[in-house]
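Report on the following structure.
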There are 2 protein chains.
Amino acid sequence: MDIPNAIPPTPDFPTNFHVAVDVVALTINRGVLQVAVVQRHGAKSCIFSATDGYVREVDRTAHDYALPGGHVHWQNENLVDAALRELFEETAVEVSPNDLVQLGAYGDVGRDPRSGRTISIAFVAFHPSFSSPFAGSDAVSAKFMDVVDVLARPNGLEFDHERILRDAITRVRELMERTPIALKFCPDEFTLRELRSVYEVIFHHAYNPDANTNRYAERLRKYDAEVGGSPLDEAIGEFSRKFAPLAELNRLSSDRSTQRETAVLGKIEKLLTDEYRRSSSNRPTFKRDFDPANFARKAIAIDGFIEEIPGESRLSASGTGKPAQVYRRGKAKKLDPPLIVERKPGKPEKTLSK
Amino acid sequence: MDIPNAIPPTPDFPTNFHVAVDVVALTINRGVLQVAVVQRHGAKSCIFSATDGYVREVDRTAHDYALPGGHVHWQNENLVDAALRELFEETAVEVSPNDLVQLGAYGDVGRDPRSGRTISIAFVAFHPSFSSPFAGSDAVSAKFMDVVDVLARPNGLEFDHERILRDAITRVRELMERTPIALKFCPDEFTLRELRSVYEVIFHHAYNPDANTNRYAERLRKYDAEVGGSPLDEAIGEFSRKFAPLAELNRLSSDRSTQRETAVLGKIEKLLTDEYRRSSSNRPTFKRDFDPANFARKAIAIDGFIEEIPGESRLSASGTGKPAQVYRRGKAKKLDPPLIVERKPGKPEKTLSK
DNA sequence: GCAAAAGTGTTTCCCCTACACCCATGG
DNA sequence: CCATGGGTGTAGGGGAAACACTTTTGC
């Protein structure tokens with residue numbers, strides 16, 4: 001990309017700044033909100049110290065993760081492009097520029113002890129992960145973690161990434177109310193139940209700032225220890241091992257029709273469908289209990305949000321009950337009126353969901 | 001400020017970035033929203049070109065203004081501190097760190113043709129100007145301009161500052177609904193009428209994205225051409241001439257009790273009071289007509305927003321009518337429930353206010 | 001007395017919620 | 001026929017807006 005009239009940089013100001021991007025890639029897997037994290041290599045982790053507000057380098061432990069991100073490498077790279085590139089390089093997750101929403105700049109002195117001064121622009125991507133499966137590059141090992149698990153460990157994220165993650169959740173909730181972003185998590189033809197599930201996950205109390213996140217994280221860890229991971233997770237792990245090297249990933253991204261990729265993608269898709277159909281999985285989910293009838297009324301009332309497909313209906317996930325009306329996405333880019341699912345922002349936390 | 005464990009910057013990445021801050025300093029003067037702008041020196045202006053999205057250097061005209069701002073000079077300067085410093089250096093406006101709200105990062109390639117690459121972090125300060133009067137430094141000539149006047153001229157602001165200004169107005173409206181920021185524009189003891197006036201200015205249709213701003217700007221220009229500026233503006237100009245040199249301003253800021261300063265400040269305060277009392281000024285204002293009774297009920301219902309001062313009342317500004325109950329600021333930092341003054345965001349633009 | 005502005009009371013309307021009820025399916 | 005979940009109907013409550021009316025001042 002060329003800049004017209006570009007002149008050499010002014011020498012008057014120190015250019016000892018590093019400009020970085022960080023991406024909070026949020027997704028929903030089996031009814032639980034997950035975030036893409038990477039584990040950087042090296043013996044030291046950069047952990048926030050609450051005593052003086054600085055980030056310091058300490059010996060790395062197994063639980064130190066960071067948000068995917070990195071420096072804006074090229075002078076002519078837009079911030080959004082840098083965020084897309086870093087996200088793909090480190091996690092193989094591909095999203096479009098429209099899926100990235102800027103959270104803001106995080107530029108406090110002392111937020112990165114390694115460089116002279118790092119200004120980080122944070123983005124949030126709320127996107128289904130299964131369409132672009134997950135793999136680690138050779139630079140870092142990456143995975144999706146349950147958000148409650150991340151939040152339950154104080155300073156479980158390096159730098160000021162925990163704060164960024166919390167800001168991202170708040171922002172996603174705002175987007176859910178004012179844009180049709182939830183439809184990305186629904187198939188082309190969906191029922192109101194499926195749409196509502198997305199809202200129920202995002203607005204769960206477990207992600208509130210004052211929630212006792214550890215209670216929820218404990219339940220997930222306990223279940224996983226007893227039952228083990230899901231077949232979907234294992235399939236993704238398999239994909240990850242096969243295509244781990246970064247060069248391979250980049251090659252795949254430019255040639256999407258390789259047999260190996262489509263084979264694994266197909267397998268993942270089948271597993272996903274199975275997992276979706278059978279509700280026998282008892283892994284705890286975090287869903288609030290929104291009233292179905294009134295949620296439906298609100299959603300239908302929004303102009304251009306969803307369109308009814310006349311005559312089409314579909315069985316519910318459990319296989320029983322009345323088949324539900326099927327809808328498709330509307331054309332609206334903004335929800336007017338917004339889909340407000342909780343009147344008071346500071347709602348009391350009730351009992352644990354089943 | 002020291003950074004613990006600081007190590008030399010990594011040489012792997014190009015550090016050819018400039019990190020800058022821009023401040024949208026908004027205030028209300030005589031019922032009109034104003035923004036602090038500066039006129040940079042030099043023969044060239046950096047004007048946005050809608051044809052390709054780039055900012056180009058063109059010959060400067062008399063109407064080219066920019067938002068106050070500049071590079072983050074020192075490596076150990078926080079972004080907020082840099083914004084405060086630049087705002088003060090260029091406009092002599094002093095605000096506290098709490099008065100600055102970050103808008104986000106504006107970092108597109110090509111937004112500043114002068115440097116290799118400039119990432120700008122924008123802040124908004126919504127603050128009464130009369131408490132910290134206005135003066136230009138020697139680097140730039142600065143003034144407050146009517147926002148409608150700025151918005152009415154396409155590309156009246158350099159770089160992408162027009163977009164930043166529009167984002168700032170949107171943000172201020174959100175702040176007005178959710179925080180007690182409006183109280184900064186009320187005296188220690190105020191009536192609901194005064195509080196309401198602040199909301200009526202900010203939520204005027206003239207500042208909506210799709211408004212025909214030129215209509216409003218034309219009315220102001222016509223009035224000013226006939227009647228001339230206000231005594232307040234002239235007093236501020238006097239202050240500006242006296243204390244223009246930057247060194248003088250800095251000295252004053254560390255020694256606030258100099259006689260000259262207090263004398264001029266007192267004069268300004270008197271003029272302000274006079275101006276406030278007499279509503280004989282016919283300069284057009286931009287105020288929407290919110291229903292007084294229902295606005296009052298909403299404001300009183302918000303917990304901790306305003307406190308009634310029992311037994312105290314005050315005459316209205318026009319000198320007639322029933323004296324109004326006097327209130328003082330409450331302790332709340334957030335408005336719960338928010339003070340929603342317009343149900344539908346996209347309200348139709350009605351007739352011009354008187 | 002009249003105009004102007006603050007404040008109160010009241011009516012009406014709308015929307016939201018909760019709940020009851022009916023419907024359609026699988027077993 | 002029963003359990004299950006989707007969908008509809010509706011009564012009750014709360015709040016907001018509009019409007020009428022009272023109060024208190026200056027002229």
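Everything numeric here is computed off the predicted structure, so don't read it as measured data. Within every chain, numbering begins at 1; the chains are lettered A, B, ... in the order of the sequence lines, protein sequences first and strands thereafter.
- Remark: B/Glu174 pairs with no residue by the side-chain hydrogen bond (donor to acceptor under 3.5 Å, both in side chains) rule, at least two apart or across chains.
- When rounded to the nearest whole Å, the span between CD of B/Glu312 and C1' of C/dA6 equals 16 Å.
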One pair to check against side chain to side chain contact (heavy atoms under 4.5 Å, CB included): A/Leu26 and A/Leu165. What are the steps and the verdict?
CA-CA 9 Å; A/Leu26 291 168; A/Leu165 171 61; 4.1 Å; yes

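- Under the rule for a side-chain hydrogen bond (donor to acceptor under 3.5 Å, both in side chains), the partners of B/Glu200 that lie at least two apart in sequence or sit in another chain are B/Arg196.
- The stretch residues 293-307 of chain A touches DNA chain C through A/Asn294, A/Arg297, A/Lys298, each having a heavy atom within less than 4.0 Å of the strand.
- With sequence neighbours excluded, the residues that form a side-chain hydrogen bond (donor to acceptor under 3.5 Å, both in side chains) with B/Arg329 are B/Asp188.
- A/Phe126 is linked by a ring-ring contact (aromatic ring centres under 6.0 Å, His included) to A/Phe185, counting only residues two or more places apart in sequence or in another chain.
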Show which side-chain atoms of residues 291-302 of chain A pair as donor or acceptor with protein atoms under 3.5 Å away, not counting sequence neighbours.
| from | atom 1 | to | atom 2 | distance (Å) |
| --- | --- | --- | --- | --- |
| A/Asp291 | OD2 | A/Asn294 | N | 3.4 |
| A/Asp291 | OD2 | A/Asn294 | ND2 | 2.4 |
| A/Asn294 | OD1 | A/Arg297 | NE | 3.4 |
| A/Asn294 | OD1 | A/Arg297 | NH2 | 3.2 |
| A/Lys298 | NZ | A/Ile340 | O | 2.9 |

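- Rounded to 10°, the helix from C/dG1-D/dC27 to C/dG27-D/dC1 has 10° between the axis fitted to its first five pairs and the one fitted to its last five.
- For A/Lys322, the listed nucleotide lying nearest its side chain is D/dG7; candidates were C/dA18, D/dT25, D/dG7.
- Comparing atom distances between the A/Arg193 side chain and each of D/dA18, D/dT25, D/dG6 picks out D/dG6 as nearest.
- For A/Asp146, the side-chain hydrogen bond (donor to acceptor under 3.5 Å, both in side chains) partners at least two apart in sequence or on another chain are A/Gln34, A/Arg283.
- For A/Val326, the side chain to side chain contact (heavy atoms under 4.5 Å, CB included) partners at least two apart in sequence or on another chain are A/Glu189, A/Ile309, A/Glu312, A/Arg314.
- If you take CZ of A/Phe290 and P of D/dG5, they are 19 Å apart, rounded to a whole angstrom.
- Protein atom CZ of A/Arg196 is 6 Å distant from nucleotide atom P of D/dG6, rounded to whole Å.
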